[in-house]
S.K.: 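Dropping a structure here in structure tokens format, bear with me for questions.
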Amino acid sequence: MAFVERKRPVFTETEAQEIAQSLYRTQGVLKEFPSERDQNFYLRDSAGKEFILKIASVLDLEETLEMQNKAMERVASRAGSALAPRICRNVQNKEMASVVDSEGLPHYIRMLTFLPGIPLALFRPHSPQLLRNIGRTLGRIDSALQGFDHPAARRDLRWDYDRAQWIIDHFGRSLASLKGKELIAFFNDVWSRHVVPELPALRKSIVYHDANEYNVLVSQPDFESEPSVGMIDFGDMLFTYTMAEVSIGAAYAMLEKSDPLSAAAEVIGGYHGAFPLAEQEISLLYHFIAMRLCLSVSICAYQQQEEPSNEYLKVSEQPALDLLAQWKMIHPHHAEYVFRHACGLATHPHAHAIFQWLEDHKSDAVAPLREFSIGEYGEIREVGPYSNVPGGAGSFRVRTNDGFEWRTVHLGLDYFAEPGTPIFSPFEGIIHSFQNNAGAGDYGPTIILQIPAGDLQFFLLFGHLSSDSLLGLYAGKTISRGACIGRVGTYEENGNWKPHLHMQLILDMLDQNGTFPGLCTPSQQEIWHVLCPDPNRIYGKETHALNAADLTQLLARRKEHISKSLSLSYRKPLHIVRGRGQYLFDEWGRSYLDCVNNVCHVGHSHPRVIEAAQKQMKELNTNTRYLHPNLLEYSERLCSKLPEPLSICFFVCSGSEANDLALRLARAYTGNANTVVVDGAYHGNLTSLIEISPYKFDGPGGNGAPPHVRKAIMPDPFRGPYSGEDSGASYAEDVRARIASFEDSSRVTFIAESAMGCGGQIILPDGYLMHAFEHVRESGGVCIVDEVQVGFGRVGTHFWCFETQNVVPDIVTMGKPIGNGHPMAAVVTTPKIAAAFENGMEYFNTFGGNPVSCAIGLAVLDVIEEEGLQAHAQDVGAYLKALLESLQHRHPIIGDVRGLGLFLGVELVRDRKRRVPVAQHAAYVVERMRDRGFLLSTDGPYHNVIKIKPPLVFTREDADALVENLDVVLNETVLGPSSVLP
Ligand code: PMP
């Protein structure tokens, strides 16, 4: 067999311009696009119409090109012109013309319509839906090509599956790496034994045959719809196995994916939906994909040897080799089940028959059982007896950089029982295999039984047995129904697990012996629950449905009784069931790094805080009308953190209550309601506070500022009118002007957040509060600072954020972090203002300052001090800010990075000079980060600021992970300029 190397044509852009003019009467912008075999020039005429001028290799035959033209036309007319280019006729009304190059060699020239889009290789991310669309497009192309025939389709082509073994034998020798050679030899051998005998039964047709990552074009994305997909370059068309088409598409779509099998499954599922595959084809897809990758690396290696300077050839070699190594780790049956599932077929072809057999052969219990388990955190969890909740080894572990999903879904049944409890076989079977899986977190001594079920068979795994259970066993040994097959092992025998039996039903051992995965990742659970069905089937008990529908149910129930004015975060809302430190966990144990909850200040569910609360709750909870040391100790501790003369405390239950009381105190002192607020500020949800919160009264549903409230401009150094050294004083000048705007401009109340949260993480410019306070105090007024977001050490350099402004306010309000999630808040003021409030009317707050809240408040202060969280916030905050600033250098969309300690903001803009805010982009980043396991939110008047304000236990490693992932997301195509066109 001979494969002549084709030489690419070498026309210059000027020559191409001349050809376009003479053959097509078309002129315009022209640019060469890279290509493997022919020469392609992009051309845009004066009317903006776009074309591809294609100059064929000297070796391309007229009849081959004619076949391509006909096929493209057929696809475009039958399946849609967005799927493939169309041919344009030249001045002679022909589809092709021949032009001679500088060496006198003839080349066929064609002009095609330009298919807009971004090559898959450059497009990010490859969402499941996009991968499905690739499959669907290929299916539609193949469907359009059904019945199409052309003599040129039967030809020698080195990508031909029928010649694959010869090619990899010969070309694969050029591979430099031994690993590559071994991988290819392995898959070649499997192909000979498993695939070659089946080839004659497979259907054949003419297929497009080249859906590689540069030929798959993805439409320009927007934020609303999933991008569509088209194919270019019909130069590899061939009459071959029809399933070659989807195998090639899947193989390239898998490149550089963390989960290539799922990526392939999406392509295959999409294809099947448009053009159904036969079951036999699905069973061979694994091998067809492997063979295409083998061909790709072999041919690349050979071509590189021949043409070392051609970068284009190197593009897919290493990733394809890495992928082959990954592919080898996946059992072909497993791949087949995943593909069947993606196609909507029964995942395991015999599952139903086995379930029927189990139904007919129900057994009694395998062991005396206790039907509950003790979870990792001491909670009692119903096992009942089957559990598909996150359980066992993987539950609620925190994420690592290598992945956001752990295997947290339990595939078997855990029976907690005393060591030595005998276990009886529910069925007659034989010993399949046994082994002591002694690794940490593993099964320990394990026995696997093979159970014949009519013509079929299945397996039962018994793990965490006593070591002596394995004595005297041999593979093939018969075990009768009801026979004792082992005993529950001890704590030590089982890698320090609480003694229990792990029993698992398995339909296909996937060539494993003595062990089998007992957990899977949440996203893979549908498939694994088919391969490892609910062991309750052994007893004929009702099986528990997967929890997949839970979210829909929760949403429906929420809609029933919860007002729509309470919003949910994220398009795909999260069902969070647990928190630890800086992590939150969903119902399947997936961990999310909480980068935004400044309420759980010292970490979610901090044991010290919980203990303090529990201890005090057991003892007493009353109100402030009795003497109690907690109230006294807490007020003393809080005041010791504040400068003189701030020394009189009021305890309330929320930030809003604190600000409302602060207004009452101030107004009692000033004798009027006149208030100056900062534009964009938010101070709480009470009527009195909506009136002083521009964030609300200027927002949807708001009624604007009431007559007693004036807005001073937001002191935003990035977006506001002033920046630089004196900008604080300049912004404060507007506070003065607002005071003066009142008819009676004496004794006004001024309220400001000491760094703005909802306003978009605004750090006040130096001198702002100092000058503003001067103006207020000149009027005889009162200065309130709202520390609800930023107090308690968050800003790192100081315990209170107002201290960074060198001021002492008259009233300070505190909330959120004060109780680490417990509803408590506080107001601290001066004796003078407190005295003005003491007019005979009692201030009573049923819950404020109760002994439990005070115990919690004290514990929070203890933890901040003992764990050095303020200094930690300064260190990690500075580290994170520097990382974000370096990210800003790489991503022009980041207009500003600002922050103090662990209170940071990243403002996204379209054009750094004009600072056009991009709210959709910011929302997109937050959604995508959620998909990757990071919780963030947006805010600011233009909703374009990403807020970062994690629990203070956030580490430098967390900062690294956050910024690495932000980098990935900011590179996604929809966020940036992606056009490669001239
Ligand atoms: N002040 C500021 C600065 C806030 O951010 C908030 C809440 N976002 C509040 C007050 C109100 O606090 P709460 O929701 O606890 O009433």
Side-chain angles (χ1 to χ4, degrees), residues 624 630-652 655 657-672 674-676 683 732 735 739 746-755 764 766-795 797-815 817-818 824-843 845 848-849 854 857-858 861 864-865 870:
T624 47
N630 285 10
L631 176 68
L632 309 180
E633 197 185 331
Y634 188 51
S635 50
E636 284 157 12
R637 281 281 294 280
L638 208 50
C639 290
S640 75
K641 297 277 182 198
L642 286 158
E644 288 289 342
L646 292 164
S647 57
I648 305 294
C649 303
F650 295 84
F651 295 108
V652 293
E657 272 192 15
N659 282 328
D660 181 74
L661 178 58
L663 286 183
R664 287 184 62 197
L665 288 166
R667 289 170 185 176
Y669 180 81
T670 61
N672 71 77
N674 290 346
T675 310
V676 173
H683 294 293
V735 174
I739 295 170
S746 63
R747 315 204 86 186
V748 300
T749 298
F750 173 62
I751 180 164
E753 297 164 73
S754 16
L764 307 179
D766 284 348
Y768 176 69
L769 285 186
M770 205 163 70
H771 288 98
F773 281 19
E774 273 168 24
H775 303 314
V776 176
R777 283 169 179 160
E778 251 167 47
S779 87
V782 171
C783 301
I784 307 173
V785 297
D786 177 338
E787 287 271 337
V788 170
Q789 289 272 357
V790 288
F792 295 89
R794 172 161 299 278
V795 297
T797 50
H798 300 78
F799 197 79
W800 306 109
C801 186
F802 69 77
E803 294 172 295
T804 65
Q805 290 271 313
N806 278 317
V807 291
V808 179
D810 304 306
I811 303 175
V812 184
T813 60
M814 307 158 191
I818 190 171
M824 60 186 281
V827 184
V828 185
T829 188
T830 63
K832 208 157 88 181
I833 291 177
F837 188 62
E838 289 158 10
N839 61 1
M841 183 192 286
E842 183 194 11
Y843 181 78
N845 191 312
C854 291
L858 282 166
L861 291 178
I864 295 172
E865 281 167 21
Q870 184 184 324

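All figures in this text were calculated on a predicted structure; none of them were measured in a lab.
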S.K.: What is the distance from atom CZ of R794 to atom OG1 of T797, rounded to the nearest 0.5 Å?
M.R.: 13.0 Å
S.K.: Using every non-hydrogen atom in the two residues, find where G781 and T670 come nearest and quote the distance to one decimal.
M.R.: CA-CG2, 4.4 Å
S.K.: Taking the side chain as C-beta and beyond, is there a heavy-atom pair between L631 and T624 under 4.5 Å?
M.R.: yes
S.K.: Do T813 and V788 have side-chain heavy atoms sitting under 4.5 Å apart?
M.R.: yes
S.K.: How far apart are the closest heavy atoms of S754 and V785, and which atoms are they?
M.R.: OG-CB, 4.3 Å
S.K.: Can you give the donor-acceptor pairs under 3.5 Å from side chains of residues 798-805 to other protein atoms, not counting sequence neighbours?
M.R.:
unit_1 : atom_1 : unit_2 : atom_2 : d
W800   : NE1    : K641   : O      : 2.8
E803   : OE1    : F799   : N      : 3.2
E803   : OE1    : W800   : N      : 2.8
T804   : OG1    : C801   : O      : 2.6
Q805   : OE1    : Y768   : N      : 3.3
Q805   : OE1    : L769   : N      : 2.8
Q805   : NE2    : L764   : O      : 3.2
Q805   : NE2    : P765   : O      : 3.2

S.K.: I need the single residue from N672, T675, N674 that forms a side chain to side chain donor-acceptor pair (under 3.5 Å) with R667. Which is it?
M.R.: T675
S.K.: Specify the closest pair of heavy atoms between G849 and C854, including all atoms of both residues, with the distance to one decimal.
M.R.: O-SG, 3.5 Å
S.K.: How far does CG of L663 sit from CG of D660, to the nearest 0.5 angstrom?
M.R.: 6.5 Å
S.K.: Does a side-chain N-to-carboxylate-O contact under 4.0 Å join R777 and D810?
M.R.: yes
S.K.: Please assess V828 against M814 for the test side chain to side chain contact (heavy atoms under 4.5 Å, CB included), listing each intermediate value before the final yes or no.
M.R.: CA-CA 8 Å; V828 185; M814 307 158 191; 3.6 Å; yes
S.K.: Please report the interatomic distance CD1(I648) to SG(C639), rounded to the nearest 0.5 Å.
M.R.: 7.5 Å
S.K.: Which value, rounded to the nearest 0.5 Å, describes the distance between E774 atom CD and S779 atom OG?
M.R.: 12.5 Å
S.K.: Less than 4.5 Å apart, any side-chain heavy atom of T829 and any of F650?
M.R.: yes
S.K.: When you measure from the side chain of N659 to the backbone of H683, do you find a donor-acceptor pair of N or O atoms at a distance under 3.5 Å?
M.R.: yes
S.K.: Count the heavy atoms belonging to other residues, nucleotides or ligands that lie under 6.0 Å from CG of D766, then report whether that count exceeds 12.
M.R.: no
S.K.: Any heavy-atom pair between the side chains of Y669 and R747 that's under 4.5 Å?
M.R.: yes
S.K.: Can you tell me how far the SG atom of C783 sits from the CE atom of M770, to the nearest 0.5 Å?
M.R.: 12.5 Å
S.K.: Can you list the residues that meet the salt bridge (Lys or Arg N to Asp or Glu O under 4.0 Å) rule with E644, with sequence neighbours excluded?
M.R.: none
S.K.: Is any side-chain heavy atom of T749 less than 4.5 Å from a side-chain heavy atom of V676?
M.R.: no
S.K.: Could you pull out the closest heavy-atom pair between I811 and A666, with the gap in Å?
M.R.: CD1-N, 4.0 Å
S.K.: Atom SG of C649 and atom CZ of R637: how far apart are they, to the nearest 0.5 Å?
M.R.: 13.0 Å
S.K.: When you measure from the side chain of S640 to the backbone of L638, do you find a donor-acceptor pair of N or O atoms at a distance under 3.5 Å?
M.R.: no
S.K.: Any side-chain heavy atom of L661 within less than 4.5 Å of one from Y843?
M.R.: yes
S.K.: Taking ring pair (Phe, Tyr, Trp, His ring centres under 6.0 Å) as the test, write out the residues that go with F651, two or more places apart.
M.R.: Y634
S.K.: Is there a side-chain contact between E787 and I818 (heavy atoms, below 4.5 Å)?
M.R.: no
S.K.: Which atom pair, heavy atoms only, marks the closest approach of P817 to F792?
M.R.: CG-CD1, 3.9 Å
S.K.: If I compare all heavy atoms of I784 with all of A662, which pair ends up nearest, and what's the gap?
M.R.: CD1-O, 3.8 Å
S.K.: Are the side chains of V812 and L646 in contact, using a 4.5 Å heavy-atom criterion?
M.R.: yes
